Every structure is written in structure tokens, then in C-alpha cells.
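Here the structure is a predicted model, which is why all the values come from computation and not from measurement.
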Amino acid sequence: MEAPALIRLRQAGVRFGAIQALDAIDVGVRRGECIALVGANGSGKTTLLRLLHGLQGCTTGAREVPAHVGRLSTAGLRCAMVFQRPFLLNLSVNQNLNIALWLRAYPRQERLRRAGEALERMGLVALAQRPARTLSGGQQQRLALAIAWSTDPDVLFLDEPTANLDPGAKREVEAAIAQLASEGLTLVMSTHNLGQAKRLASRVLYLENGRLLVDAPVDQFFQDRLPASAEQFLKGERSW
Amino acid sequence: MQTVFESFELALRLLAAGDPQLLQIVVLSLKVSASACLIGALVGLLLGAWLAVARFAGQQALVWALNTLLALPSVVVGLLVYLLLSRAGPLGSWGLLFTPSAMVLAQSVLVIPLIAALTRRLVLTAWREAADPLRSLGAGPLTAAILLLVHERRALLTVVLTAFGRAIAEVGAVMMVGGNVLGVTRVMTTAIALETSKGDLALALALGLVLLAVVGCINAALSLLQAPHSAERAALV
């Protein structure tokens, strides 16, 4: 039996003034999935991520978080997001982690433990006292991942997490994401890198002009016959 | 031209001699303006950051009012505080008129809009980048505002310094509510105004030079405080 959705969008639309950013989206995010959102620039990937997360409200339709047993019934759905350009406070690596955990209301001892674990996991222990903004791009993105992971999210959203990184940093960040995915953390990631989608995702959503054109398991997406525009996108004939 | 040279000489002599009356005036000027800046910073930083981050009805009107208050003439502030603190005024019973406290209040009213408006602009720029990440972590508007104040603390130091510059150089309001009483409410600017009216231009200019030197020293101290951060940034480029 298919797992119930953690988040479900029903005929969800988002409009910014005259621009219809998303239109009639029906999609669910199930526990343990790694979903890749692909599509050209301006297709609505980031808006869909923000909508699923709850940072953006629907103009039409609805975002539903069904009631579940266990933690979700009492604490609500916990979402975290890693952005294309991570925002880090002008403080040390450790302080950034501690503030994120403080915002999530973890007690002091728990904060210290989680921060230590997250730093170790992302290979940042040696940089704990460094000002976060002096880290390299790849290190900053790993710190953003560490912050998001440390808050123990039910769903982790990643908005083009390896864009603007050099190939080495890309590999580091992708390896960290792959590790999280292999542990069963639910991930929803937008990417322009189809290779990355193929390597990491279990399911691919293809967006065009704010509409969800394809929602398919990863193998099917790369092998089956797709709508003409998606085929063109895959062949690299459309703009990224 | 001779007056200018005389003034330099006199300023140096006054400083070198450590004239107790001059020292008392300098110390009172610093105390009044620093207290006003402290109060202004407490109110203005929070108000500015909150206006940058929060969204509520009437916000644009409040921002417009704040920006308009940037042009508030100090004599108008002096007049308002005078009316507030005079015997017939609502706070007349506090007996603050012609005391340093009244001068602190007047200067605070002057610097709060300046600190709040400049803070709002700084925090608004950071907020454009930080809004989603901070909201994603669960930060409400007030928490986000405070975090962004911490984030922008070095730039905000310059804002407070600018406010201090405005406060210590101000003459109209402190003259009206302080009264320029020797040994009680006489500060650098009111002393300069008095000496000018008496025709002792050299002494007035010398006091002006001392005022500039004091502000220059505070500026230099703050620059030194920010120096390690600048070096760190330069090393990264």
C-alpha cells in the first residue's frame, strides 16, 4: 500500500500580480521520498518548494498536512529548507547552528549535542569557531545543510543546493545530500542538473510555466515517452 | 585669518592646561549626548528593525512619518520638550526643565528617528536575503528583527555614531530646555553660542576645535574596534 502523503497540494495555484507562478498543482510528498523538481528558469520550481514548505500561501486550491500518528500528531510537520544562496548570520559556525536550534526551542544541552553531531556529520568540526561568512561556498552550503538537518525535519527542501558551486564543492554537497537520502529523510529538491536528479531522486516532477506536466518515478522519467516539451527539455533544447 | 590662528593656539592651550571649567563642559556634553544615544539606540534600533521585518496595516504611513521626522528642526524639538516639561506642561511636576535630564530627553527625541530610519534601511537590505531562511527556521518578526540587528551590528555602530554626531553638535534644543546654566547645563555647543554672542570669536572657535577633537577621538576608537573585521574581509578578497 502506498504511504500516506506528509504534505498534499490540491489544485494549488499561486499568482503574483499578473503572473501565474503555479497553476492547478496536484501533488503529494510521501515519507522517505527524494523528489527532484526540474524545469526551465521561471517554471515555478522555487515557488512550488516554498508552497510545499508553507513559506508561500496558495492563491487558489489548498495545501494540506494530513493528521498522522506519532510525532506529527503533537508537534506538527517540521520542515527545513536549504536555499540556493545560504543565509548565514554574521556569527561563528557554532553560533549559527545554536541559534537555529534555539529557534526550534531545543533545550541548551540538546542544542550542544545536536550542533556537535551536525558539525561532525558535515565535516565542519574544525571550522566550528570560524565566522560563518568567511567559509567557502561549498562549506557554507554544507553548514546550511548541517543547520537544516540538526533541526530534525520531517521534510527537507533544497532549492538548487549545488548551483553556483565549483565542481569539488558540488561533489561534497551532493554526497551529503545522498547520505541524508539514503537514511530515509524525505527530500524535495529543485535542480537544473539532470544527472543529479537521476543519481539522487526517486521521483521527478517536471514543471513548465507553472504547470506540473510530468510526475513520474525517476526511471520512468528518463526512459518513458514524455510530453514533447519535457522531451525537448531533456535533450537540452530548452533554456535552463 | 588671525582669529583662526589664535583659536588653534587657544584650543591647544585650553587642552594642555586641562582647564577644569572646559573639562566640566566637555564631560557634560559627552554624558548628555551618550545618554541620549543610548536611549535613542534602544528605541531606534528596535523600531527600525521591526519596521523592516514586520508587515501590518499603516506600516507605510509609519515609515513615511519616520522619514519625515529626519528633517525635524532641533529648535522644534526643543520647543516641544520645553512645553512638555514646563510647569504648565503634562510633565511639569517632574521638575526636569533646565536640567541635564531635559537635555537628554530632547536629544533622544532628535536621534530616535535618525537611528530608526537608517536601521530600517540596513535591516531591510538584509531581510530581503534572510526572510525565507529565518521564517523557515520558525523566527517570528520580532525575533527576526533582533537577529538581524545582531547580524548588522558593525554597520549599526556607524549609525549610532552618526546619531552621536548629530546629538553632540546640536545647539537649539539643549539651549531651550537646558538654559545654558554654567556648571549645570552648559555644554560645548551652548558655550560656543554664548562666546560668539559675547564677541569672543577666538574662544568660540577654540571650543569648536575641542568639540571636533573629541568627536574625532571617538571616531578613531570605533574605527579601531572595526579594524579586525575589515582586515578579515580584505583577506578573503
Legend entry - Heavy-atom side-chain proximity of A:His53 to B:Arg135 below 4.5 angstrom: no
Inset, instruction - Verify the neighbour count for atom CZ of A:Arg63: are there more than 12 heavy atoms of other residues, nucleotides or ligands below 6.0 Å? - result: yes
Legend entry - A:Glu120 atom CD, neighbour heavy-atom count above 12 within 6.0 Å: no
Inset, instruction - Write down the atom of B:Leu137, the atom of A:Leu103, and the distance for their closest heavy-atom approach. - result: O-CB, 3.6 Å
Legend entry - Closest heavy-atom pair and its distance - A:Asn90, B:Arg153: O-NH2, 2.8 Å
Legend entry - Closest contact, heavy atoms only, B:Ser136 versus A:Met81: OG-N, 3.4 Å
Inset, instruction - Please flag which part of A:Ile99 lies under 4.5 Å from any non-hydrogen atom of chain B: side chain, backbone, both or neither. - result: side chain
Legend entry - Part of B:Thr143 within contact of chain A (heavy atom distance under 4.5 Å): side chain
Legend entry - Heavy-atom contact with chain B under 4.5 Å, split by part of A:Arg50: side chain
Inset, instruction - Look up atom CG in B:Asp132 and atom CZ in A:Phe157, then write down how far apart they are to the nearest 0.5 Å. - result: 12.5 Å
Legend entry - For B:Pro133 against A:Phe83, the heavy-atom pair lying closest together: CA-CE1, 3.5 Å
